[in-house]
Amino acid sequence: MFFKWRSSRRGVTTCACSPEWPGLRAELDGHQVPGRPSPGGSSPLVLMLGLVASCTGCGAEYPHGWAVAERG
């Protein structure tokens, strides 16, 4: 199993939306993957696939832990 590790030393990203971070999304094989903040850190799936979440409004990269949202 291979992990795509990302450096934790990256610049702080701020969201330009009001309210901040109205939604999260990532891209996987050309498809949009909805996300949600995760206070316990990023989920194993996110870490294994090396997914990067961004704001659904302004596109800023989400700097905290997140997980793929459940399909509703």
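- The minimum heavy-atom distance linking Leu51 with Glu27 is given by the pair CD2-O, 3.9 Å.
- Closest approach of Trp21 to Pro63, counting heavy atoms only: CZ2-CD, 3.7 Å.
- Nearest approach of Cys58 to Cys17, heavy atoms of both residues: N-SG, 3.5 Å.
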Which pairs of donor and acceptor atoms, one on a side chain in residues 28-50, lie under 3.5 Å apart (sequence neighbours left out)?
| unit_1 | atom_1 | unit_2 | atom_2 | d |
| --- | --- | --- | --- | --- |
| Ser38 | OG | Gly41 | O | 2.8 |
| Ser42 | OG | Trp66 | N | 3.3 |
| Ser43 | OG | Val46 | N | 3.3 |

